[in-house]
Amino acid sequence: MADQLIRATAADGGIRAVAVITTRLTEEARGRHKLSYVATAALGRTMSAGLLLASSMKRPESRVNIRIKGDGPLGGLLVDAGLDGTVRGYVDNPEVELPPNAIGKLDVGGAIGDGYLYVVRDVGYGFPYSSTVELVSGEIGDDLTHYLATSEQTPSALVVGVFVGAAGVQASGGVLLQVLPKAATDEELVQTLESRVAGLSGFTPLLRSGKTLHQILEDLLGDMGLEIFPETQMVRFHCGCSFDRVLGALKMLGEAELQDMIEKDGGAEATCHFCNQVYKANSDKLAELIGELRSNSGS
């Protein structure tokens with residue numbers, strides 16, 4: 001099934017629901033960064049969460065950054081997701097692997113450890129909103145549910161998961177359910193939603209059983225006036241880095257530094273953290289940059 005995102009409402013508009021499949025883009029991230037199983041799960045869960053959070057923003061250029069910094073061996077990770085359905089990200093220590101946790105699942109919480117979750121929302125006006133909360137488990141879904149409840153005062157449930165094996169990522173995605181302000185005082189509605197989410201055995205088992213996103217939302221909210229929006233949005237791993245951007249960054253180093261690179265290394269090499277793309281500029285290209293700097297200085 002293609003990577004995609006759908007939106008819905010229920011309870012006469014009192015509940016907002018979003019569900020996403022990120023299997024292929026998580027597999028692309030795994031391959032690009034050479035991720036271990038537990039690193040794949042951590043990054044895949046967070047990329048799904050980033051797309052779910054970005055889905056409620058308004059302006060086309062809106063983006064959400066999620067940074068997690070923990071004291072576990074994974075170190076931390078960073079994800080950048082947009083309303084346009086693009087997402088990218090990386091982990092600090094992609095090769096880290098841990099034994100399964102006590103319930104036999106990938107130990108993402110142990111890999112991340114204790115620390116903090118940072119969320120930055122750029123709504124497109126040049127003044128991002130940032131929030132910081134302590135991690136409650138390191139399992140990503142719990143931590144972002146805690147963030148939504150404490151920083152955005154929105155009763156929410158966010159469930160994300162990744163199933164990865166020797167053949168790669170077989171299922172990845174998540175669902176976000178939120179009780180909107182008009183219904184937030186309805187304690188029975190909130191409790192009903194919490195109990196249904198608590199009854200989930202996870203998100204990836206549903207995908208692996210063959211259920212579609214529409215069927216998953218029907219199971220959760222079908223008896224609560226569910227209305228699924230007709231548009232299905234495609235989502236993908238995408239990084240906006242380019243060779244031209246790398247050259248622009250190199251030029252900022254100045255003539256002396258560029259000349260030193262030519263003499264000592266015969267060129268320069270840069271790797272994008274987000275997508276692991278390697279860019280190489282040979283000595284001739286660096287000489288061109290020096291020529292441009294001199295020309296600009298002379299003018």
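The figures here come from the full heavy-atom set of this structure, side chains too, leaving out hydrogens, waters and symmetry mates.
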Derivation of the side chain to side chain contact (heavy atoms under 4.5 Å, CB included) call for E227 and R7: CA-CA 9 Å; E227 294 185 13; R7 300 170 173 85; over 6 Å; no
List the atom pairs, with distances to 0.1 Å, where a side-chain N or O of residues 285-292 and a protein N or O form a donor-acceptor pair under 3.5 Å, not counting sequence neighbours.
{"residue": "K285", "atom": "NZ", "partner": "E288", "partner atom": "OE1", "Å": "3.3"}
{"residue": "E292", "atom": "OE1", "partner": "K251", "partner atom": "NZ", "Å": "2.6"}

Does the side chain to side chain contact (heavy atoms under 4.5 Å, CB included) test come out yes or no for T9 and I15, once each step is laid out? CA-CA 5 Å; T9 61; I15 293 175; over 6 Å; no
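- With contacts defined as side-chain heavy-atom distances shorter than 4.5 Å, the pair L77/D92 does not qualify.
- Sorted by first then second residue, the salt bridge (Lys or Arg N to Asp or Glu O under 4.0 Å) pairs that include residues 135-149, not counting sequence neighbours, are R45-E139.
- Atom CG of D114 has 12 or fewer heavy atoms from other residues, nucleotides or ligands within 6.0 Å.
- Here the CG atom belonging to D107 is positioned 5.0 Å from the CG atom belonging to N101, to the nearest 0.5 angstrom.
- Applying side-chain contact (heavy atoms from CB on, under 4.5 Å) to L117 and the options I140, V133, V136 leaves one that passes, V133.
- For the atom pair CD (Q178) and CG (L148), the distance works out to 5.5 Å, reported to the nearest 0.5 Å.
- In the displayed structure, E95 atom CD is contacted under 6.0 Å by more than 12 heavy atoms of other residues, nucleotides or ligands.
- Contact record, L43 with A29: CD2-CB, 4.0 Å, taken as the closest heavy-atom pair.
- Using a 4.5 Å heavy-atom cutoff, the side chains of R88 and C275 are not in contact.
- Among V169, D3, V20, the single residue meeting the side-chain contact (heavy atoms from CB on, under 4.5 Å) criterion with L25 is D3.
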Verify side chain to side chain donor-acceptor pair (under 3.5 Å) between S172 and T22, making sure each step is shown before the conclusion. CA-CA 5 Å; S172 177; T22 59; 2.7 Å; yes
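- Interatomic distance, OG1 of T40 versus CG of L35, reported as 4.5 Å (0.5 Å rounding).
- For the pair L217 and V175, the minimum side-chain heavy-atom distance is below 4.5 Å.
- Residues passing the side chain to side chain contact (heavy atoms under 4.5 Å, CB included) test with H214, sequence neighbours excluded: I6, T212, I228, T232.
- Within 6.0 Å of atom CD in Q153, more than 12 heavy atoms from other residues, nucleotides or ligands are found, so the atom counts as buried in its surroundings.
- Within a 6.0 Å radius of OH in Y129, no more than 12 heavy atoms belonging to other residues, nucleotides or ligands are found.
- Under a hydrophobic clustering in which Ile, Leu, Val, Met, Phe, Trp and Tyr are joined whenever their side-chain heavy atoms come within less than 4.5 Å, directly or via other members, V91 and V162 fall into different clusters.
- Counting all heavy atoms, side chain and backbone alike, V160 lies closest to S48 at CG1-CB, 4.0 Å.
- Of all the heavy atoms in L176 and L52, the pair that sits closest is CD2-O, 3.9 Å.
- Closest non-hydrogen pair, A42 versus L74, comes out as CB-CD2, 3.7 Å.
- Closest of all the heavy-atom pairs between A49 and L144 is CB-CD1, 3.2 Å.
- Under the 4.5 Å side-chain heavy-atom criterion for Ile, Leu, Val, Met, Phe, Trp and Tyr, F229 and V235 are members of distinct hydrophobic clusters.
- A continuous path of hydrophobic side-chain contacts links L250 to L293 [ILVMFWY only; heavy atoms under 4.5 Å].
- Partners of E255 under the salt bridge (Lys or Arg N to Asp or Glu O under 4.0 Å) rule, at least two apart in sequence or in another chain, are R294.
- By the salt bridge (Lys or Arg N to Asp or Glu O under 4.0 Å) test, R32 is found to be paired with E28, residues two or more places apart in sequence or in another chain being considered.
- No more than 12 heavy-atom neighbours from other residues, nucleotides or ligands sit within 6.0 angstrom of CZ on R245.
- A heavy-atom distance below 4.5 Å is found between the side chains of L206 and L200.
- Side-chain atoms of I66 and L78, non-hydrogen and from C-beta on, never get closer than 4.5 Å to each other.
- Hydrophobic cluster membership differs between V120 and V64, with clusters built from Ile, Leu, Val, Met, Phe, Trp and Tyr side chains linked at under 4.5 angstrom.
- Proximity of L135 to I68: side-chain heavy atoms (C-beta onward) are separated by under 4.5 Å at one or more points.
- Clustering of Ile, Leu, Val, Met, Phe, Trp and Tyr by side-chain heavy atoms under 4.5 Å joins F163 with none of the others.
- Membership of the apolar cluster around Y116 extends to Y118, as traced through chained side-chain contacts below 4.5 Å between ILVMFWY residues.
- Closest approach of L83 to M57, counting heavy atoms only: CD2-O, 3.3 Å.
- Taking SG of C241 as the reference point, atom OH of Y279 lies at 3.0 Å (rounded to 0.5 Å).
- We find the CG-CG distance between L158 and L177 to be 8.5 Å, quoted to the nearest 0.5 Å.
- Criterion: ILVMFWY side-chain heavy atoms under 4.5 Å apart, direct or through other members. Under it, V96 and Y37 are not part of a common hydrophobic cluster.
- Among residues two or more places apart in sequence or in another chain, the ring pair (Phe, Tyr, Trp, His ring centres under 6.0 Å) test is passed with Y90 by H273, F274.
- Residues forming a salt bridge (Lys or Arg N to Asp or Glu O under 4.0 Å) with D223 (at least two apart in sequence, or on another chain): R196.
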One pair to check against side chain to side chain donor-acceptor pair (under 3.5 Å): D84 and T86. What are the steps and the verdict? CA-CA 6 Å; D84 62 357; T86 62; 2.8 Å; yes
Under 3.5 Å donor-acceptor pairs involving side-chain atoms of residues 261-271, not counting sequence neighbours:
{"residue": "E263", "atom": "OE2", "partner": "Q259", "partner atom": "NE2", "Å": "3.3"}
{"residue": "K264", "atom": "NZ", "partner": "D260", "partner atom": "OD1", "Å": "3.4"}

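- Counting only distance, with no hydrogens or angles, the side chain of S55 and the backbone of L53 share no donor-acceptor pair below 3.5 Å.
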So V164 and L106, side chain to side chain contact (heavy atoms under 4.5 Å, CB included) or not? Walk me through it. CA-CA 9 Å; V164 57; L106 291 170; 3.7 Å; yes
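- Looking at heavy atoms from C-beta onward, V123 lies out of side-chain contact with K58 at the 4.5 angstrom threshold.
- Between atom NE2 of residue H146 and atom OG of residue S151 there is a gap of 7.5 Å, rounded to the nearest 0.5 Å.
- Heavy-atom contacts from other residues, nucleotides or ligands closer than 6.0 Å to CG of D12 number 12 or fewer.
- Qualifying salt bridge (Lys or Arg N to Asp or Glu O under 4.0 Å) partners for K105, counting only residues two or more places apart in sequence or in other chains: none.
- Proximity of K69 to I112: side-chain heavy atoms (C-beta onward) are nowhere separated by under 4.5 Å.
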As a quick check of understanding, evaluate side chain to side chain contact (heavy atoms under 4.5 Å, CB included) for T23 and Q170, giving each step before the final call. CA-CA 7 Å; T23 305; Q170 299 178 29; 5.8 Å; no
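- Under a 4.5 Å side-chain heavy-atom criterion applied to ILVMFWY residues, the cluster that includes M252 comprises that residue alone.
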